[in-house]
Asker: 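I have a structure here, written as structure tokens, and I will follow up with some questions on it.
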Amino acid sequence: MAKDKKTKPSKELPLGFLDREEKVLKFRDLIISKIKEIMTVYGFQYLETPSFEYSESIGKFLPDKERPDEGIFSFKDENRWLSLRYDLTAPLARYVAKNFMEIPKPFKRYQLGTVWRNEKPGPGRYREFLQLDADFVGTKNLMADAELLLMATEILKSCGLKDNEFKIKFSSRLFLNEILADVKDDSVKLKVLRSLDKIERLGINEVKKLLGKGRKDESGDFTQGASLPDKQIDFILKQVKNPSFINVSKNIKGSAYSQINEFKKCLELFNLKNIEFDPSIVRGLEYYTGIIFEINLNFEVTNYDGKNIKFGSIGGGGRYDNLINNFGDYNLPATGLSIGLDRLVYALMQKQSLQIKENKPVVICVFDNRQFKEYIKIVKLLREANINSEIYSGEGKLKKQMEYANKLRSPAVILYGDDEIRSGKATLKNLETGNESSVKIEDLPNEIKKII
RNA sequence: GCAGCAGUAGCUCAGUUGGUUAGAGCACUAGUUUGUGGAACUAGGGGUCGGUGGUUCGAAUCCACCCUGCUGUACCA
């Protein structure tokens, strides 16, 4: 043990990383098991790809920079840059390109995996988190996009949510392009798209400022706006906030109009409810090409201090018809859905929409190491009866052992000391009520089952 | 990145206009109870007061710089 405190290693976690404990993990496991069932029923193949990929395979981050770590975690291995994946879609594209000849097309696969982002974390957002990804590769049919949403609905319902507790919104990249046809400058166009993406969080008035001269945030910091003329701002916001406008506008009766209508028909065929057209959703700017969507929860979520937090979406996705072509001329249009499982778990735990059993072990107390044979006999008997149980594994006295069991939230302890051994009956103590009873060893399983 | 706020015990925090040896609650350890947890009581351990430098007889307290965190914002495939 080093005495110099400066040599002690830090016990702090890196910014944006988290220890996940049993309560959360059990909840997450339950949700995952439901997801897996649904995926299988829908005919998706299970896939796992590695955490690391060559940097150039999964992003636009070229490793000729000093370090390609803008937003992602990377390091140089021998001569090539490797990066931790930041989503599961980019590795899918790589996988499909690599295995193009072998896989069936359309290719439907789902994947559960941790992804990493090297960015500033926010409330409820971390730099390491678990994602679910389900994709159709090799079809332009919008029935696929609609089926993804049906599946998302089924997942949320299997997690105990009711229809009115979540909402799915969709739009089309084409629609936004048509609205912004008059914005010729690409960098301004990007700025406008980013601003529109913030309507949900900041509200329409603040976004109006972002489209115009700019806006001050809560801390007083100023953000430069897109500097559009008022007339143009009004036009854009009107289009975005009044979806019915799409049905009467002459200006935007183009491909976006027919695409959205076609998609609506698909949704109707699946009889999907609580899904609505919302042109203000934008999603990632880089690779989406058509229909895009977003899943939002409709109930309040609080942080550790009990304050409401703006939870944002728990998932989304859309069509990315060109992504796989980056690897060659594959002509594989695709569409996918991603759900942030940690965030879903966090919200659902507050909602308590699913019940988790505790299942802590019954503790067999150790009076005398020479009697271990007896304790082993008991623990075997209990475990065979499928009762979670353990022999106290420390060195403390009985008081210590009781404190241990109590802290563990064990349902009961078994006392089998000299007195009990003489009579051949163990003392079973219910830790919730404090009641003790004298039980023959062979009856312990049945008596314990009455307690737990 | 930019901006605002904040760093005192494992955790949550108090600490007067700068003044002895820096406090509380919870948690921890031991005991009251050598075979009995939760409650109570008693005692105990635990601090470079984020760091460095400065002002001062004297700094947790004032000043400068740095570091870290929180919140907002920007970026986000």
Side-chain angles (χ1 to χ4, degrees), chain A residues 3-6 8 10-16 53 55-62 68-72 83-93 115-125 127 131 190-191 193-195 197-198 201-202 206 209-210 214-225 282-288 303-305 307 309-310 312 316-318 320 322-323 326 336 338 363 365-368 392 396-421 426-436:
Chain A
K3 277 186 182 168
D4 185 351
K5 295 197 173 172
K6 279 176 184 155
K8 275 189 189 166
S10 172
K11 58 184 185 287
E12 306 304 324
L13 289 170
L15 179 66
E53 299 272 354
S55 303
E56 80 246 27
S57 308
I58 55 167
K60 59 189 175 178
F61 309 95
L62 297 174
D69 57 1
E70 300 273 320
I72 59 175
S83 295
L84 278 171
R85 63 188 175 206
Y86 53 82
D87 72 5
L88 297 175
T89 310
L92 169 68
V115 303
W116 295 265
R117 294 188 185 179
N118 188 3
E119 5 178 276
K120 194 194 142 179
R125 289 190 183 271
R127 298 209 289 180
Q131 266 198 345
L190 275 179
K191 203 160 200 174
L193 285 171
R194 289 184 187 125
S195 304
D197 199 24
K198 292 173 180 115
R201 179 161 51 92
L202 300 177
E206 298 303 305
K209 291 179 193 163
L210 284 173
R215 148 176 204 270
K216 260 191 197 174
D217 72 23
E218 262 177 48
S219 69
D221 190 31
F222 185 75
T223 306
Q224 187 64 43
V282 178
R283 306 298 300 170
L285 300 174
E286 289 296 325
Y287 65 59
Y288 288 119
N303 67 6
Y304 295 110
D305 296 334
K307 280 187 228 148
I309 51 178
K310 298 216 169 181
Y320 49 100
N322 300 325
L323 184 66
N326 288 341
S338 298
V363 174
C365 293
V366 174
F367 287 84
D368 185 344
Y392 176 71
K397 303 207 158 131
L398 187 58
K399 183 182 164 76
K400 255 286 171 48
Q401 303 189 31
M402 296 295 294
E403 282 169 356
Y404 166 81
N406 187 51
K407 192 156 196 174
L408 202 67
R409 293 194 308 274
S410 164
V413 294
I414 290 169
L415 306 175
Y416 199 56
D418 291 343
D419 300 348
E420 285 86 356
I421 289 173
T427 301
L428 174 64
K429 176 158 183 161
N430 180 331
L431 283 179
E432 204 190 320
T433 61
N435 288 342
E436 287 185 11

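Chain letters run A, B, ... following the sequence lines, proteins first and then strands; every chain starts at 1.
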Asker: Give a yes-or-no answer on whether the side chains of A:Thr427 and A:Glu436 include a donor-acceptor pair shorter than 3.5 Å.
Answerer: no

Asker: Please give the distance between the P atoms of B:U55 and B:G15 as a whole number of Å.
Answerer: 29 Å

Asker: What is the distance, to the nearest angstrom, from the CG atom on A:Leu88 to the P atom on B:A77?
Answerer: 15 Å

Asker: Under 3.5 Å, is there a donor-acceptor pair between the side chain of A:Glu53 and the main chain of A:Pro91?
Answerer: no

Asker: Please check if atom CZ in A:Arg127 has more than 12 non-hydrogen atoms from other residues, nucleotides or ligands closer than 6.0 Å.
Answerer: yes

Asker: Return yes if some donor-acceptor pair links the side-chain N/O of A:Glu432 with the main-chain N/O of A:Pro411 below 3.5 Å, else return no.
Answerer: no

Asker: Nearest nucleotide by nearest heavy atom, which residue falls closer to the 5' end of RNA chain B, A:Lys11 or A:Pro123?
Answerer: A:Lys11

Asker: In terms of side-chain heavy atoms of A:Arg215, which of B:C2, B:U73, B:U36 is nearest?
Answerer: B:U73

Asker: A:Glu206 and salt bridge (charged side-chain N to carboxylate O under 4.0 Å, His left out): which partner among A:Lys216, A:Arg215, A:Lys198?
Answerer: A:Arg215

Asker: Side chains of A:Arg85 and A:Trp116, heavy atoms from C-beta outward: is any pair under 4.5 Å?
Answerer: yes

Asker: Taking only side-chain nitrogens and oxygens of A:Lys429, does any of them come within less than 4.0 Å of OP1 or OP2 of B:U36?
Answerer: no

Asker: Looking at the base of B:U29, is there any donor atom on it, or on the side chain of A:Lys400, that sits under 3.5 Å from an acceptor on the other one?
Answerer: no

Asker: Please report the distance, rounded to the nearest Å, between CG in A:Leu202 and C1' in B:U73.
Answerer: 9 Å

Asker: Relative to the 5' end of RNA chain B, which residue comes earlier, A:Trp116 or A:Glu436, by the nucleotide with the nearest heavy atom?
Answerer: A:Glu436

Asker: Name the pairing partner of B:G19, where a pair is Watson-Crick or G-U wobble with both distances under 3.5 Å, or state none.
Answerer: B:C57

Asker: Mind calculating the distance between CG (A:Asp217) and P (B:U73) to the nearest angstrom?
Answerer: 7 Å

Asker: Take atom CG of A:Asn430 and atom P of B:G38, then tell me their distance rounded to the nearest Å.
Answerer: 16 Å

Asker: For atom C1', what is the distance between B:A60 and B:U20, given to the nearest Å?
Answerer: 15 Å

Asker: Paired with B:U29 by Watson-Crick or G-U wobble geometry, both distances under 3.5 Å: which nucleotide is it?
Answerer: B:A43

Asker: The side chain of A:Asn406 is closest to which nucleotide in this list: B:U73, B:G38, B:U71?
Answerer: B:G38

Asker: Between A:Lys400 and A:Glu403, does any NZ, NE, NH1 or NH2 come within less than 4.0 Å of an OD or OE carboxylate oxygen?
Answerer: no

Asker: Pick base, sugar-phosphate or nothing for A:Glu420, based on heavy-atom distances below 4.0 Å to the nucleic acid.
Answerer: base

Asker: Taking atom C1' in both B:G4 and B:C41, compute the distance separating them and give it to the nearest angstrom.
Answerer: 47 Å

Asker: Does B:A24 have a Watson-Crick or wobble mate here (both distances under 3.5 Å), and if so which one?
Answerer: B:U12

Asker: Under a 3.5 Å cut-off for both distances, is B:A3 Watson-Crick or wobble paired, and to whom?
Answerer: B:U71

Asker: Using atom C1' of each nucleotide, how far apart are B:C62 and B:C70 to the nearest Å?
Answerer: 25 Å

Asker: A:Glu432 near the nucleic acid: base, sugar-phosphate alone, or nothing, with a heavy-atom cut-off under 4.0 Å?
Answerer: base

Asker: Distance criterion of 3.5 Å, no angle test: do you see the side chain of A:Lys120 paired donor-to-acceptor with the base of B:U73?
Answerer: yes

Asker: Any strand counts, and the cut-off is 3.5 Å on both contacts for Watson-Crick or G-U wobble. Which nucleotide pairs with B:G38?
Answerer: none

Asker: What does A:Gly122 touch in the nucleic acid at a heavy-atom separation under 4.0 angstrom: a base, only the sugar-phosphate, or nothing?
Answerer: nothing

Asker: From CE of A:Met402 over to C1' of B:A39, roughly how many Å is that when rounded to an integer?
Answerer: 14 Å

Asker: Applying a 4.0 Å non-hydrogen cut-off, can you work out what A:Lys216 is touching in the nucleic acid: base, sugar-phosphate, or nothing?
Answerer: nothing

Asker: Which part of the nucleic acid, if any, lies within reach of A:Gln401 when heavy atoms closer than 4.0 Å are counted: base, sugar-phosphate only, or nothing?
Answerer: nothing

Asker: What integer number of Å spans the C1' atoms of B:A3 and B:C26?
Answerer: 36 Å

Asker: For the C1' atoms, the ones on B:G7 and on B:G44, what distance do you get once it is rounded to whole angstrom?
Answerer: 29 Å

Asker: Distance check needed: B:U33 P versus A:Glu403 CD, whole Å only.
Answerer: 16 Å

Asker: Can you check whether A:Ser338 reaches A:Leu88 side chain to side chain, under 4.5 Å on heavy atoms?
Answerer: no

Asker: Does A:Lys191 reach a base, just sugar-phosphate, or nothing at all? Heavy atoms under 4.0 Å.
Answerer: nothing

Asker: Can you tell me how far P in B:G54 sits from the matching atom in B:C13, rounded to whole Å?
Answerer: 33 Å

Asker: Just N and O in the side chain of A:Arg194: are any of them under 4.0 Å from OP1 or OP2 of B:C76?
Answerer: yes

Asker: Tell me what A:Leu415 touches on the nucleic acid: a base, only sugar-phosphate, or nothing, going by heavy atoms under 4.0 Å.
Answerer: base

Asker: Provide, to the nearest angstrom, the distance between the CD atom belonging to A:Glu218 and the P atom belonging to B:G4.
Answerer: 14 Å

Asker: At less than 4.0 Å, is any side-chain N or O atom of A:Arg201 found next to OP1 or OP2 of B:A74? Yes or no.
Answerer: yes

Asker: Atom CG of A:Leu323 to atom P of B:A77: distance rounded to whole Å?
Answerer: 13 Å

Asker: Could you tell me whether the side chains of A:Ser219 and A:Asp217 share a donor-acceptor contact shorter than 3.5 Å?
Answerer: yes

Asker: Considering only atom C1', compute the distance from B:G58 to B:A24 and round it to an integer number of Å.
Answerer: 26 Å

Asker: For A:Arg117 and B:C75, is the shortest distance between a side-chain N/O and OP1 or OP2 below 4.0 Å?
Answerer: no

Asker: In the structure shown, which nucleotide is the Watson-Crick or G-U wobble counterpart of B:A64, with both distances under 3.5 Å?
Answerer: B:U52

Asker: Is the phosphate of B:G37 approached by A:Lys397 (side-chain N or O, under 4.0 Å from OP1 or OP2)?
Answerer: no

Asker: Determine the contact category for A:Phe222: base if any of its heavy atoms lies under 4.0 Å from a base atom, sugar-phosphate if only primed atoms, P, OP1 or OP2 are that close, otherwise nothing.
Answerer: nothing

